[in-house]
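Working notes for the structure below.
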Amino acid sequence: MGDAVIDRAGLDALVAGLHAAGYQVVGPTVRDEAIVLAELGSGADLPDGWGVDVGPGHYRLHRRADRAVFSHSAGAQSWKQFLHPPRQPLWSLDDGEFRAAEAEPTRYAFLGVRGCDLAALRTLGTVLGDGAQPSAGFARRRRDLFVVAVGCTEPGGLCFCASMGTGPETGPGYDLALTERVDADGHRFVVSVGSDAGAAVLESLTHRAATAAETADAADAVAAARDRMGRTMPATDLRALLVESRESPHWGDVADRCLTCGNCTMVCPTCFCTTTEDVTDLTGEHVERSERWASCFEIDFSYVHGGSVRTSGASRYRQWITHKLSSWHDQFGSSGCVGCGRCIAWCPVGIDITAEVAQLDALRAAAEGSPDADR
Amino acid sequence: MPTADELLDFPALAGLDAEHRQLLADLAETVTLPPGERIFEEGQVADACWLIRTGRVTLDAGQPAGPRYVVQTLGPGDVLGWSWLVPPYRWQLGASAAEAVTAVRLDAAAMRAAAETDPAFGYPLLLGFVTALLPRLHGTRARLLDLYGNPRDR
Amino acid sequence: MLPLPYRVAGRERETGDSVTLHLEPVGARIAPFAPGQFTMLYARGVGEVAISISGDPSLDGATLTQTIRDVGAVSRALCRADLETRIGVRGPYGRGWGLDTAAGRDLVVVAGGVGLAPLRPVLLGALARRAEFGRIVLVAGARTPAEFLFRDQLARWSKQSDLEVELTVDRPADGWTGDVGFVTEPLGRLTIDPTRTTAFLCGPEPMMRFSANVLQGMGLPAADIRVSLERNMKCGAGLCGHCQLGPLLLCRDGPVVDYRQARPLLAIREL
């Protein structure tokens with residue numbers, strides 16, 4: 001099926017259609033002076049005409065001159081909170097019998113998943129869904145998920161999906177993909193179909209076929225975004241760089257800045273670490289275990305009897321960035337970073353992962369006495 | 001008397017060439033110590049060292065009440081006796097044969113004289129004894145770390 | 001990932017702070033285990049902890065044998081569990097000792113303190129298939145004679161002709177007639193064939209490093225030395241991220257790791 005075109009009203013109809021099909025539709029909304037992913041009551045809840053200014057430790061909304069709906073980036077949350085909730089019950093124990101927590105019936109439809117976030121969903125699928133003991137809750141939510149992706153035409157000041165190979169085009173994993181066009185010809189969305197479920201939903205909407213020019217224009221607009229990335233990750237073998245930098249003097253430098261607050265792990269769309277909590281009632285007869293997000297920056301994350309392995313800030317920052325850019329390859333077969341830039345925006349001291357990597361690279365080159373360092 | 005080649009069984013002497021090994025063999029005698037034999041006492045003149053072939057030796061320190069504290073056991077391949085190397089040439093601990101022991105006994109005064117006369121003999125000899133000593137020192141330090149202690153008690 | 005209910009069917013006090021529990025399933029049982037694997041044991045109202053299985057892998061039954069040392073709240077609760085107490089069990093998890101890959105070779109098993117517990121299945125498993133292996137040597141160190149695990153079993157093994165046992169203590173007690181010295185000392189007295197030996201090490205990390213150094217000094221390649229590593233575990237199943245050591249997820253890529261891979265990781269402070 002070739003591309004289709006829907007207008008802004010068609011987007012509202014898409015939301016309504018997904019509701020009618022039994023999905024809870026989640027998409028960007030404006031709340032608390034930020035773009036927040038929340039349940040959409042209708043297409044009217046979308047952030048028409050809102051954009052963002054982002055920088056290290058900086059995030060502000062601003063009014064756009066046009067009415068674009070998807071022209072923002074680096075929001076404080078990612079889609080992981082719906083598939084891998086910050087807190088979820090695992091089991092309860094009564095009368096010696098363990099009972100798995102009942103699955104909540106929500107089926108999500110995500111509206112507005114950019115290439116970076118789509119790549120994040122793919123890697124979360126590998127981490128949480130493809131192991132020897134997959135997370136049942138995650139697997140079910142992922143299976144029931146409907147994804148409307150968005151080709152990015154307006155990368156933000158902190159974006160580097162291009163150098164991470166995750167965007168600006170949307171990779172696989174969507175049911176429908178939209179490319180937003182707002183210009184003299186009006187406000188419309190070029191729609192590609194990625195699955196049978198997507199085709200079925202599109203069929204229920206008023207739409208027309210896209211012309212070849214419209215399809216090309218949409219592709220060009222996304223491709224052009226590649227040249228407008230706010231950041232670039234150095235083009236070096238990151239997996240090897242982080243391994244070779246384990247004893248770099250740079251970690252002390254980061255430690256002088258990093259507060260180990262863990263914001264980066266909360267906003268990162270691929271950070272998945274959790275811990276378990278058991279709650280007992282007063283009689284001690286009824287126990288509930290739940291899982292909640294954890295962060296490798298927590299001081300007792302690495303606790304073994306006698307103390308924590310990683311107590312210094314330097315070691316905890318090293319752990320986070322090394323896991324994200326290097327160990328992830330060994331553990332899950334890809335990078336853990338999708339280049340969304342959220343960790344840079346939401347770091348209170350503005351630590352920039354791309355700049356830290358550049359510095360590690362430079363220090364390594366200097367240590368090896370490479371000709372580059374001497375120039 | 002042991003032959004020079006028999007001394008090759010002891011890693012401590014690996015750095016000596018054949019001529020020097022023969023020199024040492026000439027200073028050595030093979031001894032058998034019955035179980036329970038008191039080999040030396042703390043405070044006595046340290047006049048020999050033993051390269052243990054078979055059996056087990058205990059090193060101990062006396063205490064006012066009760067049996068001697070055993071601080072170390074030695075077995076085949078180990079060197080017994082270090083205090084002969086440096087003044088005051090007095091044993092710091094006592095030693096007993098816990099089981100029947102066969103060993104090569106080397107006369108300390110003769111070894112020291114030969115080493116002083118010929119540094120080409122003395123240096124590899126000393127190096128060999130230090131090499132044998134290091135694992136013992138390391139093992140002692142490892143025991144001080146009390147690695148098997150319960151972390152709760154640290 | 002739901003725990004299976006087991007009950008304490010038997011218990012033995014091993015030392016002042018260690019207990020062996022024999023657990024029987026109340027309903028469904030976990031899959032048969034390989035030596036070196038662990039389970040997540042749940043003590044009601046207290047929590048879960050990763051414990052290596054210490055039983056005989058050659059037995060067919062569903063009894064799960066686990067030796068626990070009281071080092072924290074959960075392990076204390078497990079050590080105090082009376083007969084019939086319900087314990088939740090998840091597992092078996094992890095990459096084990098790989099005894100099968102050592103067939104045809106000499107085995108050197110080096111245990112420090114409670115490290116003997118995860119190694120006991122290696123010895124039991126090898127003894128059950130004795131003809132498949134060459135020499136089997138156990139070198140075990142403990143703080144004092146009373147702190148050896150499985151003392152009766154060690155005494156029986158010491159008398160057997162099909163394996164060599166060298167026991168040593170850091171500090172003797174009256175009546176001890178065995179070795180006194182760190183475990184590296186009787187280990188260093190062994191003559192091994194480094195071309196056909198596989199070594200299995202378990203105990204405190206410094207003890208494993210020191211013992212590995214001695215073995216490498218004898219010419220044993222790092223790839224033929226296997227260590228069992230321990231880090232914080234919450235899920236035991238590769239989902240929570242806690243047990244990382246560099247690129248390794250120890251619940252999945254360990255706890256048994258070959259020393260060629262482990263050595264550089266253990267050398268870095270706070271990795």
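Computed from a predicted structure; not experimentally measured.
Counting heavy-atom pairs closer than 4.5 Å to chain A, the top-ranked of the candidates Leu248(C), Val71(C), Leu249(C) is Leu249(C). In terms of heavy-atom pairs under 4.5 Å with chain C, the best-connected choice from His323(A), Gln319(A), Glu247(A) is His323(A). Looking only at heavy-atom pairs under 4.5 Å with chain C, the residue among Thr276(A), Asp278(A), Val279(A) that has the most is Asp278(A). Of the listed residues Ala314(A), Ser327(A), Ala136(A), the one with more heavy-atom pairs under 4.5 angstrom with chain C than any other is Ser327(A). Between chain A and the options Pro3(C), Pro5(C), Gly238(C), Gly241(C), heavy-atom pairs under 4.5 Å are most frequent for Pro3(C). Interface check for chain A: of the options Met1(C), Glu230(C), Glu48(C), Arg86(C), the most heavy-atom pairs under 4.5 Å are formed by Glu48(C). Contact count versus chain C (heavy atoms, under 4.5 Å) is highest, among Leu90(A), Leu242(A), Thr311(A), Val243(A), for Thr311(A). Of all the listed residues (Thr274(A), Thr280(A), Asp281(A), Asp330(A)), the one sharing the greatest number of non-hydrogen pairs under 4.5 Å with chain C is Thr274(A).
There is no contact between Ser326(A) and chain C, counting heavy-atom distances below 4.5 Å. If you measure heavy-atom distances from Leu271(C) to chain A, the contacts under 4.5 Å come from both the backbone and the side chain. Of the atoms belonging to Arg289(A), it is side-chain heavy atoms, and not backbone ones, that fall under 4.5 Å from chain C. Neither the backbone nor the side chain of Ile87(C) comes within contact range of chain A; no heavy atoms are under 4.5 Å apart. Looking at Arg252(C), the atoms closer than 4.5 Å to chain A (heavy atoms on both sides) all sit in the side chain, from C-beta outward.
Contact annotation: the side chain of Met208(C) approaches that of Leu229(C) to within less than 4.5 Å [non-hydrogen atoms, C-beta and beyond]. The side-chain heavy atoms of Leu360(A) and Trp251(A), taken from C-beta on, include a pair separated by under 4.5 Å.
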Taking distance alone, no hydrogens or angles, what donor-acceptor pairs closer than 3.5 Å link side-chain atoms of residues 125-135 of chain A to residues at least two apart or in another chain?
from	atom 1	to	atom 2	distance (Å)
Thr126(A)	OG1	Arg122(A)	O	3.3
Ser135(A)	OG	Phe138(A)	N	3.2

Table please: side-chain donor-acceptor pairs of residues 112-119 of chain C below 3.5 Å, with sequence neighbours left out.
none

With a 3.5 Å cut-off and sequence neighbours excluded, list the donor-acceptor pairs that the side chains of residues 39-46 of chain C form with protein atoms.
from	atom 1	to	atom 2	distance (Å)
Thr39(C)	OG1	Gln66(C)	OE1	2.4
Thr39(C)	OG1	Gln66(C)	NE2	3.3
Tyr42(C)	OH	Gly45(C)	N	3.1
Arg44(C)	NE	Gly284(A)	O	3.3

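Between Glu291(A) and Lys234(C) there is no salt bridge, since none of the side-chain N atoms of the basic residue sits less than 4.0 Å from a carboxylate O of the acidic one. A salt bridge does not link Arg318(A) to Glu270(C): none of the charged side-chain nitrogens sits closer than 4.0 Å to a carboxylate oxygen. By the 4.0 Å N-to-carboxylate-O rule, Arg95(C) lies too far from Asp258(C) to be salt-bridged with it. Salt bridge Arg231(C)/Glu205(C): present, at least one basic N to carboxylate O contact under 4.0 Å. For Arg7(C) and Glu84(C), the salt-bridge test passes: some basic side-chain N is under 4.0 Å from an acidic carboxylate O.
Among residues 293-309 of chain A, the residues having any heavy atom closer than 4.5 Å to a heavy atom of chain C are, in sequence order, Ala294(A), Asp300(A), Phe301(A), Ser302(A), Tyr303(A), Val304(A), His305(A), Val309(A).
Checking Glu288(A) against His286(A) by side-chain atom types alone, a donor-acceptor pair falls below 3.5 Å.
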Item to check | Residue pair Leu149(C), Thr20(C): steps toward the side-chain contact (heavy atoms from CB on, under 4.5 Å) verdict | outcome: CA-CA 9 Å; Leu149(C) 300 177; Thr20(C) 293; over 6 Å; no
